[in-house]
Amino acid sequence: MRPSSVAIILLVLLCLASSLQATLPDGNLCDMKCKIRCFKAAVKDRCIKYCGLCCAECKCVPSGTYGNKDECPCYRDKKSGSGKPKCP
């Protein structure tokens, strides 16, 4: 293969990969991000449930397994009925 053909193929693959992520439904993206967020949680099913609810409303999940809530103010500011943080 010529170098120009390889470059074109790589460019097409890069475009396809970036468009694939953009077309994922929000639910799948939230599920993926919440599994990462709740990886170290003691009660994973509850963490994933509330993370999913927050992600659906806020359209974001902070990076990492703890903290970093400044990355997503909506997620950070959600409170439960008792005034405690709603989102893990």
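FYI, side chains are in, hydrogens and waters are out, and symmetry mates aren't considered; it's all heavy atoms of this structure.
Two residues are said to be in side-chain contact when any heavy atoms from C-beta on lie closer than 4.5 Å; Y75 and R37 meet this criterion.
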For a quick test of your reading: what N or O donor-acceptor pairs under 3.5 Å do the side chains of residues 80-88 make, sequence neighbours left out?
from : atom 1 : to  : atom 2 : distance (Å)
S80  : OG     : S82 : N      : 3.4
S80  : OG     : S82 : OG     : 3.2
S80  : OG     : K84 : N      : 3.3
S80  : OG     : K84 : O      : 3.3

Pairs of donor and acceptor atoms involving the side chains of residues 43-51, under 3.5 Å and at least two apart or interchain, shall be tabulated with distances.
from : atom 1 : to  : atom 2 : distance (Å)
K44  : NZ     : F39 : O      : 2.9

Practice item. Take C54 and V61 through the side chain to side chain contact (heavy atoms under 4.5 Å, CB included) test and state the conclusion after the steps. Key: CA-CA 8 Å; C54 294; V61 174; over 6 Å; no

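Listed by chain and number, the residues in a side chain to side chain donor-acceptor pair (under 3.5 Å) with K78 are E57 (sequence neighbours excluded). With sequence neighbours excluded, the residues satisfying side-chain contact (heavy atoms from CB on, under 4.5 Å) with C60 are C58, C72.
Sorted by first then second residue, the side chain to side chain donor-acceptor pair (under 3.5 Å) pairs that include residues 61-74, not counting sequence neighbours, are S63-E71, D70-R76.
Across all non-hydrogen atoms, the minimal contact from C34 to C55 is SG-CB, 4.3 Å.
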